[in-house]
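Here the structure is a predicted model, which means the values were calculated and not measured. Values below: every heavy atom of this structure, side chains too, minus hydrogens, waters and symmetry copies.
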Amino acid sequence: MHVVLPDGKRLDLPEGATGAQVAQAIGPGLARAALGVRVDGLVRDLLTEVPDGATVQVLTARDDEVVVDLMRHTLAHVLAQAVKEHLVAEGAEPSDVRMGIGPTIEHGFYYDFDLPRSLTPEDLSAIEDRMRAIIAADLPLRRFTLPRDEALDRYREQGDPYKTELIQDLPEGEIISFYQQGEGDGERVGFTDLCRGPHVPRTGVLPSHFRLTTLAGAYWRGDEKRPMLQRVYGVAFTTAEALEEHLWRTEEAKRRDHRKLGAELDIFVLDEDIGPGLPLWLPRGAIIVEELERLAKEVEERGGYQRVRSPHLSKEQLFLKSGHLPYYEHDMFPAMVLDDVKYYVKPMNCPFHHKIYAARPRSYRDLPLRLAEYGTCYRYEDHGALMGLLRVRSMQMNDAHIYCTHDQFEDEFLKVIELYLAYFELFGIESYVMRFSKHAPEGLGQKYVDEGELWRSTEDMVRRALVKGKVSFYEADDEAAFYGPKIDVQIKSAIGREFTLATNQVDFVQPGRFDLVYVDEHGERQTPLCIHRAPLSTHERMVGFLIEHYGGDFPLWLAPEQARVVPIADRHVGYANDVAGALRDAGLRADVDAGNERMNAKVRAAELYKVPYIVIVGDKEETARTVSFRSRKEDDRKGVDLAAFARHLAEQAETRAAAVAPIA
RNA sequence: GCUCGUGUAGCUCAGUGGUAGAGCACUCCCUUGGUAAGGGAGAGGUCGACGGUUCAAUCCCGUCCACGAGCUCCA
């Protein structure tokens, strides 16, 4: 057999040659440095046979970004071996230490275990020490294969339900590969794992720049009905600098965490007496929410939306009609019973808007009808899912429902997408992913209304609209709403957790259930389509996200306190009040710090509060009717005309400017 | 909801089987200072809640609640 090298040279090899033999044939130096191979573009390890005629490139430590994944994968096995050693050393039976899966993830790896006892954070450092010892021992990895039946017997004999199940899910006749590192030798246990690979050739090449980070529970195969395993997470890098940088970034992210900044900047609080997931907006937070609403109202007014208002409660029958009961009941607060009638707090505004649509006959001339309301909804989210403002139980939706004909759908749907893209541009949101969330046929009648044909045709319609609008997106099965497919905009929080921000959903179900109709140009009664949209998400989640996005350093229009005037001495308080008054007259939020403190302390306090403009006034300013300021937005200035300064800030705020031009 | 962890003053955190401390913040007094902490005094806590063990519990045990990490779920 032969392989082709990247430079086009042909290399003849004995039958069944592995990646290691390719490296050896090229040269002994390369053989020592080799960590893996790239076979026809795919990363493989040195232990696996290469196919005849393949193009093979030998990978070394220089191929950092590729081999780091091989290393992480092998580190997961080393972790598993270390955990096994750790527990066997304290007397556990080796067969009681069961392994789930141990894949590579972004920045590192994890491994899931079913163990005779719970691991504690103290165990982690002991396990880490054992991992380092395994690396120091430079154990060679050995790859071998077994036919599916033999592999199955092997794990059945060991009474291992997890690996048995994994193999059972592989197709009949499949050859199963295993990786083994080390032989049984005193306290060192040999470790063999069912694994597809690829791995580095020996543990000695693994970097010491790794750290076990967290201990957590994880359901076997991600299924909440199945046993919960113990998951150990680790991060690993090829250099100490990369590890340090990662740990530093993690710390930095914590400083941006909206829960921390939200408390420091007095934006919101959560109170035990009120309940989990029910945030209180402090005055400063309320300002941010109201600025967002002001923006949305302006934009929607231009977009032909009409504002409506609806109650927080309704009788059961409304939600039976809408289909929220039973499809959505799990997420609703339980009913309250009054005079033998059940009332529910609303989890969504749509049924109310449908009733507003139905409040009078509609003609095709009324469509598209766009009804907007930032209604407060309540959803009974799982305790464990709650997170600051990003996942709450009381939320104000940036909601609207667009009723339109099938012909109008594409246009309206794309207009909504354009709307939230315009918002993202305003906020400077660049890293997001559009997810086209579709149903899963097996969920029909359970998670999704049982209308298979309608689901398919609606999804096709959405896909056509997206393609026509040249929007880049990916498709995700089993992520739709119960009433139809949707577009979700996925973003990441400061600490890296992914969640949905904006959403745009199609509803082909509820208009029919509510007998919503319009009379078309032929006098026929037709059922409209409904688009649910929340381009600013919920105001809770949006503010939570924006706090992190800006690191608390809001653009002027969103800043709760836009300017703080600091008088240098008590005799300047009068003029400081004049300055604040002039700014307020210009429509700005400005305060005077008249407290009994030195100016330095006041400047510091304002800086910590991230006030965009700190205005300093003393004798010079008072005499000349000017201000001096330091700003988070532009260069510091002294002796600026007060009226010009007020105009400068007012213009920034009115235009919702991100960048600031200097004062003319 | 599940697994693990945490819970002491408004915040950040010490601490002990004999009912508690620091720094910052807060209040008052002195200081009137030109761009990130001037000085002093004072006030502030049922040590998350409820049970149990004990002569005695903030500390040990149990249950619950809240929060955190992750899983599941989701705007």
Side-chain angles (χ1 to χ4, degrees), chain A residues 110 112 118-123 213-233 254 257 259-260 263-264 266 269-277 328 330-331 347-348 377 379-393 395-399 437 447 479 481 486 488-491 495 497-505 532-542 544-545 566-573 595-609 614-621 628-631 636 638:
Chain A
Y110 70 78
D112 287 344
S118 292
L119 294 175
T120 66
E122 292 73 58
D123 289 316
T213 51
T214 41
L215 205 50
Y219 296 109
W220 169 237
R221 311 201 91 179
D223 184 343
E224 64 179 324
K225 291 177 197 70
R226 314 202 60 182
M228 177 150 288
L229 307 181
Q230 297 188 61
R231 177 173 296 179
V232 178
Y233 281 94
K254 282 184 192 156
D257 189 316
R259 291 166 295 188
K260 185 174 164 62
E264 286 171 4
D266 291 324
V269 291
L270 291 159
D271 187 291
E272 274 197 41
D273 285 339
I274 295 171
Y328 205 74
H330 171 73
D331 292 285
M348 294 183 191
C377 297
R379 297 185 186 173
Y380 192 73
E381 301 289 344
D382 287 342
H383 286 82
L386 300 173
M387 194 223 184
L389 290 176
L390 295 183
R391 193 75 183 276
V392 292
R393 285 179 171 170
M395 69 209 81
Q396 225 182 329
M397 318 286 296
N398 184 247
D399 214 357
S437 302
K447 271 175 87 171
E479 296 285 351
K486 56 181 181 169
D488 292 316
V489 181
Q490 303 291 110
I491 57 156
I495 59 168
R497 195 177 299 171
E498 195 170 71
F499 60 98
T500 298
L501 195 65
T503 184
N504 185 11
Q505 320 184 341
H532 305 237
R533 40 113 283 178
L536 291 181
S537 187
T538 66
H539 297 172
E540 286 74 13
R541 182 170 284 185
M542 194 68 197
F545 170 75
V566 174
I568 286 174
D570 276 356
R571 65 177 180 281
H572 307 123
V573 169
N596 181 21
E597 261 303 344
R598 302 186 62 128
M599 189 196 67
N600 283 346
K602 291 180 182 180
V603 168
R604 178 169 190 268
E607 285 286 2
L608 290 176
Y609 230 37
I614 303 170
V615 183
I616 314 285
V617 294
D619 291 330
K620 288 178 222 160
E621 288 78 10
S628 295
F629 65 81
R630 67 148 65 190
S631 171
D636 300 354
K638 288 183 178 172

| request: Among A:Arg379, A:Arg541, A:His539, find the residue that satisfies the side chain to side chain contact (heavy atoms under 4.5 Å, CB included) test when tested with A:Met395. | output: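 Among A:Arg379, A:Arg541, A:His539, the one meeting side chain to side chain contact (heavy atoms under 4.5 Å, CB included) with A:Met395 is A:Arg379.
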Spell out yes or no: do the side chain of [X] and the base of [N] have one donor N/O and one acceptor N/O closer than 3.5 Å?
X	N	answer
A:Asp636	B:U35	no
A:Glu381	B:A75	yes
A:Arg391	B:C73	yes

Can you check the [X] [atom1] to [N] [atom2] distance for me, whole Å?
X	N	atom1	atom2	answer
A:Asn596	B:G42	CG	C1'	15 Å
A:Asp488	B:C73	CG	C1'	13 Å
A:Leu608	B:C11	CG	P	17 Å
A:Arg598	B:A37	CZ	C1'	10 Å
A:Tyr380	B:C74	OH	C1'	15 Å
A:Glu224	B:U3	CD	P	13 Å

| query | Just the dot-bracket of RNA chain B, please: which string comes out with Watson-Crick or G-U pairs under 3.5 Å, [ ] for crossing, | for another strand? | reply | (((((((..((((....[..)))).(((((.......))))).....(((((..]....))))))))))))....
If we take the [atom1] atom in both [N] and [M], what is their distance in whole Å?
N	M	atom1	result
B:A14	B:G51	P	29 Å
B:G17	B:A69	C1'	32 Å
B:C13	B:A25	C1'	14 Å
B:C59	B:A9	P	15 Å
B:G42	B:C50	P	32 Å
B:G48	B:C24	P	24 Å
B:C26	B:G10	C1'	8 Å
B:G40	B:C55	P	48 Å

| query | Do the side-chain N or O atoms of A:Lys486 get closer than 4.0 angstrom to the phosphate oxygens (OP1, OP2) of B:A75? | reply |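 Indeed, a polar side-chain atom of A:Lys486 lies that close.
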| query | Think A:Arg630 has a side-chain N or O under 4.0 angstrom from the OP1 or OP2 of B:A36? | reply |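 Yes, A:Arg630 has a side-chain N/O under 4.0 Å of OP1/OP2 on B:A36.
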For nucleotides 67-69 of chain B, list the nitrogen or oxygen atoms of the protein found under 3.5 Å from its nitrogen or oxygen atoms, one pair per line.
residue, atom, partner, partner atom, Å
B:G68, OP1, A:Arg259, NH1, 3.1
B:A69, OP1, A:Arg259, NH1, 3.4
B:A69, OP1, A:Arg259, NH2, 2.8
B:A69, OP2, A:Arg259, NH1, 3.2

| query | Hey, does A:Lys620 reach any base, or is it just sugar-phosphate, or nothing, if we go heavy atoms under 4.0 Å? | reply |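 The answer is base, as A:Lys620 lies within the cut-off (heavy atoms under 4.0 Å) of a base atom.
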| For A:Asn600, which contact category applies under a 4.0 Å heavy-atom criterion: base, sugar-phosphate, or nothing? |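 Sugar-phosphate contact only - A:Asn600 comes under 4.0 Å of backbone atoms but never of a base.
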| field | Closest-nucleotide 5' rank along RNA chain B - winner of A:Leu389 and A:Ala569 | value |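 Residue closer to the 5' terminus by nearest nucleotide: A:Ala569.
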| query | Nearest nucleotide by nearest heavy atom, which residue falls closer to the 5' end of RNA chain B, A:Thr500 or A:Glu621? | reply |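 With A:Glu621 and A:Thr500 compared, the 5'-side residue is A:Glu621.
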Taking only distance into account, with no hydrogens and no angle test, what donor-acceptor pairs under 3.5 Å do side-chain atoms of residues 221-228 of chain A form with protein atoms, sequence neighbours excluded?
residue, atom, partner, partner atom, Å
A:Arg221, NH1, A:Glu165, OE2, 3.0
A:Arg221, NH1, A:Asp169, OD2, 2.4
A:Arg221, NH2, A:Asp169, OD2, 3.3
A:Asp223, OD1, A:Lys225, N, 2.9
A:Arg226, NH1, A:Glu165, OE2, 2.8
A:Arg226, NH2, A:Glu165, OE1, 2.7
A:Arg226, NH2, A:Glu165, OE2, 3.4

| query | With respect to A:Asp257, which candidate in A:Lys260, A:Lys254, A:Arg259 satisfies the salt bridge (charged side-chain N to carboxylate O under 4.0 Å, His left out) definition? | reply |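 Testing each of A:Lys260, A:Lys254, A:Arg259 against A:Asp257, the sole residue satisfying salt bridge (charged side-chain N to carboxylate O under 4.0 Å, His left out) is A:Arg259.
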| request: Would you sort out whether A:Gln396 and A:Thr538 count as a side chain to side chain donor-acceptor pair (under 3.5 Å), showing the intermediate values? | output: CA-CA 5 Å; A:Gln396 225 182 329; A:Thr538 66; over 6 Å; no
